[in-house]
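FYI, side chains are in, hydrogens and waters are out, and symmetry mates aren't considered; it's all heavy atoms of this structure. Within every chain, numbering begins at 1; the chains are lettered A, B, ... in the order of the sequence lines, protein sequences first and strands thereafter. These numbers were taken from a predicted model, which means no experiment stands behind them.
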Amino acid sequence: MINLIKMNLYRMSRAVSTWVMAIVIAVFGFMQFGSLKMFLDDPFNLFDGSGSSSLGFKTLDGVQSVSTFLQNSNILLILAIFVVLFVNAEHKAGFDKNIIGITKNRWKQTLARWISAVIGMTCLILIGYAIMLGLCALFIDNFAFGAVAPMLKSLGLMYLGAVAFSAIFFFFTTLFNSSVGGVVASLIISLGILNLIEMLLDMLVKKFISNPKVLPTDIFYDSVYFSFNHESAGAKAIMIFVLISVAYIVLTVGGSMILQQRRDVK
Amino acid sequence: MEYLLETDNITKVYGSITAVDHVSIKLKQGEIYGLIGRNAAGKTTLLKMLAGLAHPTEGSFRIFGESEKKTAHMRDRIGVLIESPGLLLNLSAFENMKVKALMLGMNDDSFLNELLCEVGLEGVGKLPVKRFSMGMKQRLGIALSLVGHPDLLLLDEPINGLDPQGIVEIRDLILRLNSERNITILISSHILEELSKIATRYGIIHNGQLIDEFTHQELLQRCSERIEIRPSDATAAVTIIEKMGFKDYKVLDNSLIQIFERLDESGEIVLELAKNNIKTLGISVKNEALEDYYLSITGGARQR
């Protein structure tokens, strides 16, 4: 397994797409800083007199920075593209023919690929977040880092959520054996199309069942992720969020492993 | 271990199409086995199953004397080049090989450079593979298959798309790998003429079925000049032919006799058969080209 991860990380470090995505996420971090600066410091007096910024807070701390950076559909789109390109590169080039037959348990290769994708994704998140946080600390007057523990809690939870999303994109890429599957899934989520479908399904469920215990929006991961209030969530809410995230990871990565094990290489 | 590779009625079915139909072949250590067949005959599917890229629907195979299920730890002893070489185009030749080497836990970069020299790619440096010619890509594909010191190479149409110079280079490389490293090679092609220059044994696959197997000597014999007689009674005719002192002959389908010596004595044979009340239904002196021979085998077979 270690060798497989080493191989994947080597391939990742040599891929042009990795470095392009690193630049994209660095730019994203810079842009997030720019929008925070505009809303919080309001240098052009755009929001003067309103009493508060349109973000809902007047000062920025570490916990809020996590929401701004990670609880954001744009970053999920960037991470999805990275995961999809990385995961599909071997198959697209036909390189998988050279290596898949070597290990009897092909699922190990799938697991190693996903672990490597998560390592790469983590590096990208750290690059973008560090740039945004650093610029905020330097240039935003109303920035106060605050206590470290709550920020780490929020960061950890939202990071887990991002990893669960990566597993979903990973699964669709493996399922369709193509970048298209993963990219379409990420676009549907980031453009809010899935959200509209979920609301429609909610309405349908409510029409036929009075007081339903579970609605589609409770099950789809984008609703779980984007509506999760990591700042004030209690132990039970955190537990449910963690369990759902882990369940998505297990199901999608496990599903990808089974697909890879059973499927012939074309 | 008598055979390095044995397949036992291996079969692959895709929906309603039987791509490989109960194929049984055996390869001895050090052999170059040429698998010949038209496009879509089942060559690639067979090689994919042996390479662990496709699951057999039926049948089994043994590699290195062990059943396929017990060879998990031996799979790195098989080098594979299936269809066109699968290469990461933005990476250099060395980096492509390094990817596979890391997977196998090999950290010896000098070995990779040696392999590049072996296939004649020592001067490519950091040039990305996307700028390689077809011949260079094929050679890199073979170099990739050699990472891990394989004992068995599965090469699927390695000369496809190559110019005459490239074909000669790949042929020489394959022969060198076989003679110098004692690597057993299973190589497929639809060009019998080309395989006849390297293979020691042949199998002809058609519509997924292995329809004939023969050695290099037998191939030469089958394509050599011969008298072909179709007598009314083949068994009795053989006795007469033996009495006449012929030793190098073959009986096909219990009706056709091929004689490979004293080719100018066809008249005497007919006369002797007639004396013994055996009619000669047909007689000719034949000399088939390799491709004609191949077509004569596959041309009359069942079409899918």
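Of all residues spanning residues 137-156 of chain B, those with a heavy atom less than 4.5 Å away from chain A's heavy atoms are B/Leu144, arranged by number. Of all residues in residues 93-106 of chain B, those placing a non-hydrogen atom less than 4.5 angstrom from a non-hydrogen atom of chain A are B/Glu95, B/Asn96, B/Lys98, B/Val99, B/Lys100, B/Leu102, B/Met103, B/Leu104, B/Gly105.
Proximity to chain A (any heavy atom under 4.5 Å) is restricted, for B/Lys12, to the side chain, taken from C-beta onward. When heavy atoms are compared at a cutoff of 4.5 Å, B/Thr44 does not approach chain A at all. In this structure, the portion of A/Arg262 lying under 4.5 Å from any heavy atom of chain B is its backbone and not its side chain. When heavy atoms are compared at a cutoff of 4.5 Å, B/Leu91 approaches chain A solely by way of its side chain, counted from C-beta outward.
The neighbour count for B/Tyr14 OH, taken as heavy atoms of other residues, nucleotides or ligands under 6.0 Å away, is above 12. Residue A/Ile2 places its CD1 atom among 12 or fewer non-hydrogen atoms of other residues, nucleotides or ligands, all under 6.0 Å distant. In the displayed structure, A/Met31 atom CE is contacted under 6.0 Å by at most 12 heavy atoms of other residues, nucleotides or ligands. A/Lys92 NZ: 12 or fewer foreign heavy atoms inside a 6.0 Å radius. Counting non-hydrogen atoms of other residues, nucleotides and ligands closer than 6.0 Å to CZ of A/Phe172 gives a total of 12 or fewer.
In terms of heavy-atom pairs under 4.5 Å with chain B, the best-connected choice from A/Arg263, A/Gln109, A/Lys6, A/Arg106 is A/Arg106.
Smallest separation of non-hydrogen atoms from A/Ala93 and B/Leu87: CB-O, 3.2 Å.
The shortest side-chain heavy-atom distance between B/Val80 and A/Lys97 does not fall under the 4.5 Å cut-off.
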